[in-house]
Number of protein chains: 2
Amino acid sequence: MQIPEIDEVTIARLRKAGLRPTRRRRELAHLLFSSCKEAVTAEGLHSFAQRNGVKVSLATVYGTLHSFCDAGMVREVSIDSGRYFDINPDNHQYFYFEDERRLVGVTEAETGLKVMPPLPEGRRISRVDVVVRLRRD
Amino acid sequence: MQIPEIDEVTIARLRKAGLRPTRRRRELAHLLFSSCKEAVTAEGLHSFAQRNGVKVSLATVYGTLHSFCDAGMVREVSIDSGRYFDINPDNHQYFYFEDERRLVGVTEAETGLKVMPPLPEGRRISRVDVVVRLRRD
DNA sequence: GTGTTTGCAAAGTGTTTGCAATTTA
DNA sequence: TAAATTGCAAACACTTTGCAAACAC
């Protein structure tokens, strides 16, 4: 966890989100944003951290992920009772590879899908999640 | 739980799904299909059963709901780490009332929404879930 | 210096397992 | 009667809490 210039990017990202760039946040944000193409679970990020020499307990990973989530840096998606954190909070549509339990965000442009159903009275959309669950042919 | 003619409907429904119409299944299926307009949680069905004089443990409710699910009678949907069972397995689209944690199925016709994204190779759609999350105005 | 964050053990929550007793066909 | 199902306590997996120590500003 000593890659100065990348760290600057990470620090800027944290500050922009209104979070103090503490050591843990820098380490985890760096791992998350520089190496994760797809959504991770807390457990997944934890073991990824271990493998990269970042010693941190699972509880701390949870706490840190939640702070990222509250700050709008990541987006939480719940599939089959598993909780994934997507590094792109603008994703609203996903491919879920059922056999591998892998969740990959896709943009609205990629699916050509616009969701705008008629709403119940007195309510507005908080968010719309589309999960396309895939299995092998 | 002694409404003979409705019970016949429930028994038929269970048989059609390939399940033995045992007492528990009849009781829970009857409660579920005759009184639930929206998706329930295991906990919700359990307390609904208690209130209706059906004494059954939560673990049994879980087991029974899973047997219904495996038989295609209900559909499981996961939101914010909560697990809901929708009595209409053909629903694929939902309104989720965030403040009340209430999940209501809507048909494709009601949203006018058809999902058909381009798929990764070697994969086919298992199912597509759309969850429109609502908050108060 | 002060308010924020960390760290992790322990507690909490929701779900599943195991298996003897019961029920169904 | 043989196979399926029940019932629920105990086990389990995942997540959150609590709070003293460390840190950022």
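A note on names: the letters A, B, ... follow the listed sequences, proteins ahead of strands, and every chain is numbered from 1.
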Give, for atom [atom1] of [X] and atom [atom2] of [Y], the distance between the pair rounded to the nearest 0.5 Å.
X	Y	atom1	atom2	answer
A:Glu38	A:Phe97	CD	CZ	8.0 Å
B:Glu98	B:Arg135	CD	CZ	8.0 Å
A:Phe48	A:Leu28	CZ	CG	10.5 Å

[X] [atom1] - [N] [atom2] separation (whole Å):
X	N	atom1	atom2	answer
B:Leu58	C:dT17	CG	P	15 Å
B:Ile11	C:dT24	CD1	P	10 Å
A:Leu28	C:dT6	CG	C1'	11 Å
B:Arg25	C:dA25	CZ	C1'	13 Å
B:Arg101	C:dG14	CZ	C1'	13 Å
A:His46	D:dA13	NE2	P	16 Å
B:Tyr84	C:dG14	OH	C1'	13 Å
B:Leu45	C:dG14	CG	P	16 Å

(request) Salt-bridge test for B:Glu43 and B:Arg101: reply yes if a basic N is under 4.0 Å from a carboxylate O, no otherwise. (result) no
(message) Pairing check on D:dC23: which nucleotide meets the Watson-Crick or G-U wobble criteria with it, both distances under 3.5 Å?
(response) C:dG3
(message) For D:dA3, give the paired nucleotide (Watson-Crick: N1-N3 plus N6-O4 or O6-N4; G-U: N1-O2 and O6-N3; both under 3.5 Å), or none.
(response) C:dT23
(request) Compare every heavy atom of A:Gly105 with every heavy atom of A:Tyr94, then report the nearest pair and how far apart it is. (result)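 Smallest interatomic distance, heavy atoms only, reads CD2-CA, 3.4 Å.
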Do [X] and [Y] touch side chain to side chain, with heavy atoms closer than 4.5 Å?
X	Y	answer
A:Arg24	A:Val54	yes
B:Leu32	B:Phe85	no
A:Asp99	B:Arg123	yes
B:Leu65	B:Glu76	no

Can you give me the N/O atom pairs linking the protein to nucleotides 8-11 of chain D at distances under 3.5 Å, or say none if there are none?
unit_1	atom_1	unit_2	atom_2	d
D:dC8	OP2	B:Ser57	N	3.3

Just the atom pairs and distances: protein N or O near nucleotides 23-25 of chain D's N or O, under 3.5 Å.
unit_1	atom_1	unit_2	atom_2	d
D:dC25	OP1	A:Arg15	NH1	3.1

